Amino acid sequence: MEQSPYKLMRDLEAAIARVLAGVDSASLDPGPAKTVRLLKGQLVDARLDVRDYELAETRAEQGRLAADGKKRLAAVRQSLLKAAEQDIFSAVQVAQFSAQLDRLAAFIA
């Protein structure tokens, strides 16, 4: 059985949060600390975008929300890549999370 996009987004958010839980934010330089804060905010916003997409009542509304959601997912991907450059995520983690983002983007087409 397929999972809903919202469930996939929650799972992705939780997986990234587990990695970030192992990062001591207080010891990060200002740049990486800002990236972590930005990523956390983007994840919340992306989850809400996906939820709104699923709850849309009209096809037109769903189309608009899908476009917004895809932009947000692209922003999450960019923050993940930036965080990987700052040694917060490994290349394997970025690849795994990127695959999940691609799956989500395909769902909200």
Side-chain angles (χ1 to χ4, degrees):
M1 183 171 140
E2 287 289 323
Q3 290 182 327
S4 74
Y6 182 70
K7 171 82 168 88
L8 292 172
M9 186 63 222
R10 277 191 352 216
D11 292 347
L12 174 61
E13 184 180 17
I16 292 172
R18 280 191 296 275
V19 174
L20 293 177
V23 175
D24 181 13
S25 297
S27 68
L28 291 176
D29 290 334
K34 181 179 178 183
T35 300
V36 168
R37 282 192 308 276
L38 178 65
L39 178 58
K40 286 179 179 180
Q42 288 171 329
L43 286 167
V44 171
D45 291 343
R47 177 175 35 86
L48 295 175
D49 285 348
V50 171
R51 181 205 60 196
D52 292 347
Y53 167 82
E54 282 192 355
L55 296 176
E57 293 184 9
T58 66
R59 195 72 177 133
E61 183 182 8
Q62 202 172 41
R64 181 183 56 77
L65 292 167
D68 292 347
K70 285 186 176 192
K71 287 178 189 172
R72 186 87 63 190
L73 294 175
V76 168
R77 180 187 315 273
Q78 288 303 313
S79 291
L80 281 172
L81 293 171
K82 187 171 184 177
E85 291 171 1
Q86 297 167 336
D87 295 325
I88 296 170
F89 295 103
S90 70
V92 171
Q93 289 168 325
V94 171
Q96 177 187 356
F97 297 149
S98 291
Q100 289 175 280
L101 286 167
D102 289 342
R103 186 170 177 208
L104 269 165
F107 265 114
I108 60 172

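Since the structure is predicted, the reported quantities are computational estimates derived from the model, not experimental observations. Start at 1 with the first residue, then count along the sequence.
By the rule that hydrophobic residues join a cluster once side-chain heavy atoms approach within less than 4.5 Å of another member, Leu81 and Val23 end up as members of one cluster. Val44 and Tyr53 fall into different hydrophobic clusters, where Ile, Leu, Val, Met, Phe, Trp and Tyr side chains are chained together by heavy-atom contacts under 4.5 Å. Leu104 and Leu48 are assigned to two separate hydrophobic clusters, defined by single-linkage of ILVMFWY side chains at heavy-atom distances under 4.5 Å. Leu38 is not connected to Leu28 by any chain of hydrophobic side-chain contacts under 4.5 Å among Ile, Leu, Val, Met, Phe, Trp and Tyr, and they are in different clusters.
Without hydrogens or angle criteria, Gln42 side chain to Ser79 main chain gives no donor-acceptor distance under 3.5 Å. For the pair Glu61 (side chain) and Glu57 (backbone), a donor-acceptor distance under 3.5 Å is present. A donor-acceptor distance shorter than 3.5 angstrom exists from the side chain of Gln93 to the backbone of Ser90, with no hydrogens or angles considered.
Using a 4.5 Å cut-off on side-chain heavy atoms (C-beta onward), Lys34 and Arg37 make contact. In this structure the side chain of Phe89 reaches within 4.5 angstrom of the side chain of Leu39, judged on heavy atoms. Residues Ile88 and Leu20 are in side-chain contact: their nearest non-hydrogen atoms beyond the backbone lie under 4.5 Å apart. Side chains of Leu73 and Met9 form a contact here, defined as non-hydrogen atoms less than 4.5 Å apart. Leu101 places a side-chain heavy atom less than 4.5 Å from the side chain of Leu80. Two residues are said to be in side-chain contact when any heavy atoms from C-beta on lie closer than 4.5 Å; Val19 and Phe97 meet this criterion. For the pair Val50 and Leu65, the minimum side-chain heavy-atom distance is 4.5 Å or more. Looking only at side-chain heavy atoms (C-beta outward), Gln3 and Asp11 come within less than 4.5 Å of each other.
A distance of 14.5 Å separates NZ of Lys71 from CG of Asp45, quoted to the nearest 0.5 Å. Annotation: the span from Thr35 atom OG1 to Glu85 atom CD amounts to 9.0 Å, rounded to 0.5 Å. Glu54 contributes atom CD, which lies 9.0 Å from atom OH of Tyr6 (distance to the nearest 0.5 angstrom). The structure places CD of Gln62 at 10.0 Å from CG of Leu55, a figure rounded to the nearest 0.5 Å.
Contact between Pro5 and Ile108 at its shortest, heavy atoms only, is CB-CG2, 4.3 Å.
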* Apply salt bridge (Lys or Arg N to Asp or Glu O under 4.0 Å) to Asp102 and Arg77, showing your working. => CA-CA 10 Å; Asp102 289 342; Arg77 180 187 315 273; 2.4 Å; yes

* I would like to know whether Asp68 and Arg72 meet salt bridge (Lys or Arg N to Asp or Glu O under 4.0 Å); could you show each step before the answer? => CA-CA 6 Å; Asp68 292 347; Arg72 186 87 63 190; over 6 Å; no

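For the residue pair Gln100/Arg103, the side-chain donor-acceptor check at 3.5 Å is not satisfied.
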